[in-house]
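Worksheet for the structure shown next.
Each chain gets a letter, A, B and so on, in the order its sequence line appears, and its residues count up from 1. From a predicted model like this one, the values you see are computed outputs, not experimental measurements. FYI, side chains are in, hydrogens and waters are out, and symmetry mates aren't considered; it's all heavy atoms of this structure.
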Amino acid sequence: MTTGKPRLDREAVAARAARELPDGAVVNLGIGIPTLASQFVPAEKQVLFHSENGVLRFGPLAGPGEQDEDLINASLQFLVPVPGMSFFDSVAAFEMIRGGHVDIAILGALQVSERGDLANWRLPTRAVGNIGGAMDLVAGAKRIVVAMEHTDNDDHPKVLSDCTYPVTGRQCVSLIITDIAVIEVMDGGTRGRLQPKGLLLREVAPGWTVEEIQALTGARLHVASDLREIQL
Amino acid sequence: MTTGKPRLDREAVAARAARELPDGAVVNLGIGIPTLASQFVPAEKQVLFHSENGVLRFGPLAGPGEQDEDLINASLQFLVPVPGMSFFDSVAAFEMIRGGHVDIAILGALQVSERGDLANWRLPTRAVGNIGGAMDLVAGAKRIVVAMEHTDNDDHPKVLSDCTYPVTGRQCVSLIITDIAVIEVMDGGTRGRLQPKGLLLREVAPGWTVEEIQALTGARLHVASDLREIQL
Amino acid sequence: MPRSKLFSSASDAVADVPNGASIAVSSFAGPGGMPHFLLLALWEQGARDLTLIANTGGLTMVSGLGSPGGKKLIDQSILVESGRVKKAIACYPVYPRPSIVTPLEQAVRDGSVEMELVPMGTLVERMRAAGAGIPAFFTPTGVGTEVERGKEKRVFDGREHLMERALHADYAFVRAWKADTMGNVVYRQSSRAFGPVMLACARVAIVEVDDVVEPGDLAPDMIVTPALYVDRIVVRPKDGALITAEGFRQRAPRM
Amino acid sequence: MPRSKLFSSASDAVADVPNGASIAVSSFAGPGGMPHFLLLALWEQGARDLTLIANTGGLTMVSGLGSPGGKKLIDQSILVESGRVKKAIACYPVYPRPSIVTPLEQAVRDGSVEMELVPMGTLVERMRAAGAGIPAFFTPTGVGTEVERGKEKRVFDGREHLMERALHADYAFVRAWKADTMGNVVYRQSSRAFGPVMLACARVAIVEVDDVVEPGDLAPDMIVTPALYVDRIVVRPKDGALITAEGFRQRAPRM
């Protein structure tokens, strides 16, 4: 059993995810671990965070006492004004997403398949789910990165040969960052234009072996020739 | 021959057209006689003029010396600022038109048919024509009024059983105001939802008889039981 | 002189909402953009069999989500909870944690409310299409998911797309920052969100504002919703405390 | 610190425009919104076989239409007149009076330029669709006219509509009022027109502004084009006289 082995905490997963953000990128962060990523962007990088309610370029979050109900992002975090920020409506926010003007979205997931299918909007045990902006992001953002725990609360694998939960989008995920591994979906994220070629294990959390990670994964992992430890 | 009989001048046609503008209406005026109508709206009426370049609510035109290249309407008339005016882009301007938010458009015409078909964008003798915003207006504005001369430069009728010039839209015109007559297209302007029932002569210019007007018209005119002289 | 679209109260502005009306409610999710006073007035007015169109199913009334000071402010849930809604069209209908059950989630489980779940970009684009005279459009959003059920699929540029239809509302209840008496509207910061498109897609567009000003007081380059989209304006009570869920539950509807 | 998108000259900003590129040019019709200096720079740069996308075919250079003081300022006609355009996509290509013949009308008559005539609302909506990830949409505009030729027709709500496709541009040449160095843009009064949608539909979006300012100098509620749509900014010479048609014709291209 590897269940008891120490895994990266949520902040560390978010920090690893933040390293995927290139300088100058327009970035949308989903609710959960992804929203934590904003605090791990180094100061020398310019990243323009985008939010579905109609905000572009936000930085630090507002502290208690600074909170303004008219200055929030889509995760309902209170923001502070930053030079160069702009406000628009949600129609415009989704023009940006669907039109390919968002470079990268980091999203949480319930399940990801080896073809890069993503399921993140409904637990089958719940009558209703929240689609929110996720289906638009997986259809429109140029690159989709998943940041999540590797297994669910019952230690069942969340990386699978096929999603068993209702999907958010097909063949959309390019990279999976978890609390024990970083896995590339080979030829992933083309949304059917190229057929994905399966999963490539690129990085492992400190102390974890390929075999241990494979044992907690519901799909076959290819192993990168330059496999290395996750750097934060 | 009736050719020599005095007709209404362009200003008078525009003044008669202006009487079609209800208080509170959103109005778009085409190039030509229609643009002249704005000066004949009585002060007690609030009419919101709309322009395809993205202006709502304009009033008087700018005099010499007041002209600002960034303050024009779609007919390239220079405007002056008015309280309550707003600027937007042309995408929004046509959302308003196509979405049915413009109550009335007054347009010039080369020909109008007895079904309310309008031809106003290309002379067959010219290789290229200007569609501009006219096709959107005839498709989207709630009511289309034509303001024009009754006959062309060669005294050929412009009101016809069928348009012979390339049309701008079908079954779109509700009312035709010319320099000798006001003619209703019965059940006109429904764009196919109701079949138009032909032309009804409602008003005649001072000194003109029904027979004289019929002689200059290329379609059969029914005559209103309350036929009267055009009031300006 | 332009006539004023200002109504004397939220109750007057919603008086003619009939049973069976569809109502678009503007808040993105938290209290910002929420037309608290129009919602309360409609609850008091009593219209039934409503169709709600909104981003969420109402999250703040049970959770205080995004509310300053942790207050649980009212939201569209007051209509769901009182059994006045027959259908909800939304993107984010339930609370993210399953342990918090909103009135809408409860009603969907009970079968008393029909739920139409729509991706957010598709929802706003469908409303935009309604306001803009576009009866249908194609989007890549939702392909390969439950959302494609019953929809026409078509390949453009080598990729599948779904055909989506325009979504009109009978009424829009939109909270904004300021309006002039003609109906030109501006929004405050991130609360613009769903407001402009809801005003444009509705047959009767009602805006609830912090302040009403005279025509000319809003710079014409800054106006977000031009006057032609607005039918009625109500001003939020300046000194009126916001209606909290607790306060609401102590009220009786005057029906 | 955000990197600046400011280019040192119009020539630098258009240096990479290849032969065969499609270029969206923003002016509605008169001199307002006309990117005079980008057009002149492209004329000097020499690219050929261009596709022009614009509201008009260029009316001011022959007529002075809408030009203050009756000056005949340059417009996209300089590219047509010099034989560099193979196709024009426009709504209002020729001068209203047949007696004034623009370079585009002449070129279409000669058969040297292919003309695609598009209703104005359809043109801006096609560009909007391109920027917004909508590959196709339905519109009632043009039904029963020459515009429907070759297009799919379909009945919605008892009425025929045409299917229209998204229109992308390789480059946008847009004149605006002010930009900050990150690329947030505001427009002046009625010259907004085609600017925002052209920036959004272009692979390379270039804006020519009167003034460039620092991020934060433009109020975030007033920004019309958010920074992500803008790739390059050039500032119009402050003391440079506007280029008139007469002045242009005395120049030789430095190719």
Reported CZ-to-CZ distance for the pair A:Phe78 and A:Phe58, which is rounded to 0.5 angstrom = 14.0 Å
Between chain A and chain C, which donor-acceptor atom pairs come closer than 3.5 Å, counting both backbone and side-chain atoms?
residue	atom	partner	partner atom	Å
C:Cys91	O	A:Ile131	N	3.0
C:Cys91	O	A:Gly132	N	2.9
C:Val94	N	A:Asn130	OD1	2.9
C:Val94	O	A:Asn130	ND2	2.7
C:Tyr95	O	A:Arg126	NH1	2.9
C:Tyr95	O	A:Arg126	NH2	2.8
C:Pro96	O	A:Arg126	NH1	3.4
C:Glu105	OE1	A:Arg126	NH2	2.8
C:Glu105	OE2	A:Arg126	NE	2.8
C:Met120	N	A:Gly132	O	2.8
C:Met120	N	A:Asp136	OD2	3.4
C:Gly121	N	A:Asp136	OD2	2.7
C:Gly121	O	A:Arg98	NH1	3.4
C:Glu125	OE1	A:Arg98	NH2	3.4
C:Thr141	OG1	A:Asp136	OD1	2.8
C:Gly144	O	A:Arg170	NE	3.0
C:Gly144	O	A:Arg170	NH2	3.3
C:Glu146	OE2	A:Arg122	NH2	3.2
C:Arg159	NH1	A:Ala139	O	3.4
C:Arg159	NH2	A:Ala139	O	2.7
C:Arg175	NH1	A:Glu69	OE2	3.0
C:Arg175	NH2	A:Glu69	OE2	3.1
C:Arg188	NH1	A:Asp68	OD1	3.0
C:Arg188	NH1	A:Asp68	OD2	3.2
C:Arg188	NH1	A:Asp70	OD2	2.8
C:Arg188	NH2	A:Asp68	OD2	2.7
C:Gln189	NE2	A:Asp68	OD2	3.2
C:Gln189	NE2	A:Asp70	O	3.1
C:Ser190	N	A:Asp70	O	2.9
C:Ser190	OG	A:Asp70	O	3.0
C:Ser190	OG	A:Leu71	N	3.3
C:Ser190	OG	A:Ile72	N	2.9
C:Ser191	OG	A:Asp70	OD1	2.4
C:Ala193	O	A:Ser90	N	2.8

Roughly how far apart are C:Leu117 CG and C:Ile89 CD1, rounded to 0.5 Å?
-> 11.0 Å
Only one of A:Val27, A:Leu175, A:Val173, A:Leu107 passes side chain to side chain contact (heavy atoms under 4.5 Å, CB included) with A:Val145; say which it is.
-> A:Leu175
Sort C:Val108 into side chain, backbone, both or neither according to what part of it lies under 4.5 angstrom from a heavy atom of chain A.
-> side chain
Of all heavy-atom pairs between C:Gly57 and C:Leu104, which one has the smallest distance, and what is that distance?
-> CA-CD2, 3.5 Å
Calculate, to the nearest 0.5 Å, the distance between atoms CG and CD1 belonging to C:Leu65 and C:Ile100 respectively.
-> 8.5 Å
Non-hydrogen atoms of chain C under 4.5 Å away: do they reach the side chain of A:Leu137, the backbone, both or neither?
-> neither
Report yes if some heavy atom in the side chain of C:Met34 is under 4.5 Å from a heavy atom in the side chain of C:Leu73; otherwise report no.
-> no
Given the options C:Gly30, C:Ala193, C:Gly32, C:Cys91, which has more heavy-atom pairs under 4.5 Å with chain A than any of the others?
-> C:Ala193
Using a cut-off of under 4.5 Å on heavy-atom pairs, state which of A:Gly132, A:Pro81, A:Gly133 scores highest against chain C.
-> A:Gly132
Tell me, for C:Phe28 versus chain A, whether the close heavy atoms (under 4.5 Å) come from the side chain, the backbone, both or neither.
-> side chain
What's the spacing between A:Phe49 CZ and A:Leu29 CG if we round to 0.5 Å?
-> 5.0 Å
How far does CG of C:Leu123 sit from CD1 of C:Ile53, to the nearest 0.5 angstrom?
-> 7.5 Å
So what's closer than 4.5 Å to chain C heavy atoms on A:Phe87: side chain, backbone, both or neither?
-> both
Highest number of heavy-atom pairs under 4.5 Å with chain C: which of A:Gly192, A:Ala119, A:Ala74?
-> A:Ala74
Heavy-atom distance under 4.5 Å between the side chains of A:Val91 and C:Pro196, does that happen here?
-> no
Among the options C:Gly69, C:Pro68, C:Ala29, C:Pro98, pick out the one with the most heavy-atom pairs lying under 4.5 Å from chain A.
-> C:Pro98
Non-hydrogen atoms of chain C under 4.5 Å away: do they reach the side chain of A:Ile97, the backbone, both or neither?
-> neither
C:Leu199 side, atom CG; C:Phe194 side, atom CZ - distance, nearest 0.5 Å | 13.5 Å
